[in-house]
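For the numbers below, each heavy atom of this structure counts, side chains included, while hydrogens, waters and symmetry mates do not. In this text, all values refer to a predicted model and were calculated from it rather than measured experimentally.
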Amino acid sequence: MAVCGSACGTNCVPKDTEGEEGERLKRLSLEEESSVRRCTKCAEEEARKECNGLCAGCFRAYLYGKFKLAVTSNAMISPTDKVLVAFSGGPSSRVALEFIHEMQSKALACWDASNSQALPVFTVGVVFMEECNISDELSDQADDVIAQIRSIVSGLSPPSKDLHIVLMESLFSSDLRKLVGSINDATGREDFVRHLRMLSLQRVAFEFGYNKLVLGLSASGIARHVLSATVKGQGYSLPADMQYVDTRWKAPVVLPIRDCLEQELVTLCNLESLKHVQVHDKRCTSINGLVSSFLARLREDNSSREHTILRTAGKLKPFNFNKFSSNQYEYVPSRLRPKFQFIETGEPESSEVLCPICASPLTATELATTRCSQQMKGLNIKEMEAFYLSCCQSCHFQILPKEETSMSCDGFFDLLPKPMVKRSLLRDEIKDYLLEDS
């Protein structure tokens with residue numbers, strides 16, 4: 001086709017027309033290229049909207065970096081550890097298991113490549129606590145959930161991990177279903193089951209020789225706990241439950257994904273097709289359920305609200321049991337050991353008296369009231385009374401039976417798991433003065 005300076009015929013295309021078409025195509029190409037947002041970190045891959053401006057690879061590296069920083073800076077795992085991961089099947093515990101597995105695999109690869117092979121590699125086990133016998137809410141989903149749990153753990157690449165599926169009620173001789181059902185307060189029932197779950201996880205860890213317990217508690221979960229504990233009047237003990245490390249227990253509890261938001265973990269599961277369990281919980285009218293709904297609405301307005309709550313609560317002073325002492329870690333580099341030493345102020349490592357039910361530190365007022373009541377009762381005090389006097393005010397209000405309830409205090413006490421009863425420190429103080437139950 002001929003080109004000329006003017007439209008001289010039907011077979012001619014003017015030069016100015018051809019130039020305009022080229023400019024238009026070039027402009028469209030530039031617009032199309034500019035519409036594809038690049039990752040703000042690597043500037044190469046396409047950014048994902050759900051990844052806050054990052055590509056899928058950088059988003060995963062961002063979350064794994066948070067996890068690894070939490071583990072290393074708080075000495076959560078040492079080469080000689082035997083770690084038990086509490087796995088509920090949800091997105092948070094699924095990502096925690098995935099990251100722990102990746103860290104173990106990398107440590108094993110370094111061990112294989114090492115000439116000396118001096119440092120051992122920590123081992124990992126997984127536990128799923130079955131609670132269907134205690135509550136009817138999940139009984140219809142129990143078999144399907146267990147099958148999915150087995151599939152997820154068995155699908156992990158080597159090294160393989162022992163899976164412990166434990167029926168909570170089988171760990172204790174008491175009738176837990178009757179015990180939980182006797183608590184009239186909905187919030188008290190939820191909290192008591194959570195306390196039983198921790199006691200059960202500790203029991204499994206002890207029986208199978210694990211010395212660390214990993215929980216998949218995220219920043220969102222801690223934000224919910226901060227608001228719930230504030231409403232329940234548990235402000236004094238709040239710092240104990242939101243730190244990276246908790247050594248109140250025989251197997252210390254660590255929170256490696258404490259800085260990750262729940263929505264971020266869900267996004268990662270979707271991006272990497274990490275199979276997790278979808279459990280449809282029933283609508284709950286407890287304080288915990290209401291707080292969850294409230295935070296969900298806040299998240300719709302501003303996704304950073306949960307981090308704000310966590311940062312604000314993080315300014316509270318932690319307890320002495322919220323860190324490891326350096327002598328527990330022979331393999332921690334010397335430059336890091338000062339971070340894990342208890343502050344040498346002349347005070348004992350843990351001077352806190354703990355509630356035998358929820359293990360929360362008692363306030364000075366609660367301690368004074370408890371000991372005053374004990375002195376007023378004199379030496380004729382039964383073991384059941386000693387236990388009740390040792391409990392915090394929150395457990396008194398929400399969990400322990402009132403005089404007008406159908407179950408007596410004696411009946412409730414008889415159903416309590418023995419490890420919970422033996423945890424009463426006040427009982428140890430007055431054990432020489434206790435009367436026999438007979």
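Among residues two or more places apart in sequence or in another chain, the salt bridge (charged side-chain N to carboxylate O under 4.0 Å, His left out) test is passed with Lys161 by none. With sequence neighbours left out, the ring pair (Phe, Tyr, Trp, His ring centres under 6.0 Å) criterion links Phe319 to Tyr236, Phe321. Not a single salt bridge (charged side-chain N to carboxylate O under 4.0 Å, His left out) links Asp259 to another residue, sequence neighbours left out. Among residues two or more places apart in sequence or in another chain, the ring pair (Phe, Tyr, Trp, His ring centres under 6.0 Å) test is passed with Phe172 by none. Residues that satisfy the salt bridge (charged side-chain N to carboxylate O under 4.0 Å, His left out) test with Lys106, not counting sequence neighbours, are Glu102. Under the salt bridge (charged side-chain N to carboxylate O under 4.0 Å, His left out) criterion, Glu45 pairs with no residue, sequence neighbours left out. For Thr267, there are no side chain to side chain donor-acceptor pair (under 3.5 Å) partners, not counting sequence neighbours. In this view, Ser157 and His101 satisfy the side chain to side chain donor-acceptor pair (under 3.5 Å) rule, not counting sequence neighbours.
Annotation for Arg194: atom CZ counts as buried by contact number, over 12 foreign heavy atoms lying within 6.0 Å. Other residues, nucleotides and ligands contribute more than 12 heavy atoms inside 6.0 Å of the NZ atom of Lys275.
Applying the ring-ring contact (aromatic ring centres under 6.0 Å, His included) rule to pairs touching residues 149-169 yields His164-Phe208, His164-Tyr210, sequence neighbours excluded. Residue pairs meeting the ring-ring contact (aromatic ring centres under 6.0 Å, His included) criterion with at least one member in residues 67-93, sequence neighbours excluded, are Tyr64-Phe67, Phe67-Phe99. For residues 61-73, the pairs satisfying salt bridge (Lys or Arg N to Asp or Glu O under 4.0 Å) are Lys66-Glu264, with sequence neighbours left out.
Counting only N and O atoms by type, the side chains of Asn322 and Lys317 include no donor and acceptor under 3.5 Å apart.
Closest non-hydrogen pair, Ser218 versus Leu265, comes out as CB-CD1, 3.9 Å. A pairwise comparison of heavy atoms in Cys55 and Cys39 identifies N-SG, 3.3 Å as the closest pair.
When atom types are taken as modelled, the side chain of Asp162 and the backbone of Gly125 share no donor-acceptor pair closer than 3.5 angstrom.
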Would you list the atom pairs, donor with acceptor, under 3.5 Å between side chains in residues 221-229 and any protein atom, with sequence neighbours excluded?
residue	atom	partner	partner atom	Å
Arg224	NH2	Glu262	OE2	3.0
His225	NE2	Asp241	OD2	3.2
Ser228	OG	Arg224	O	2.9

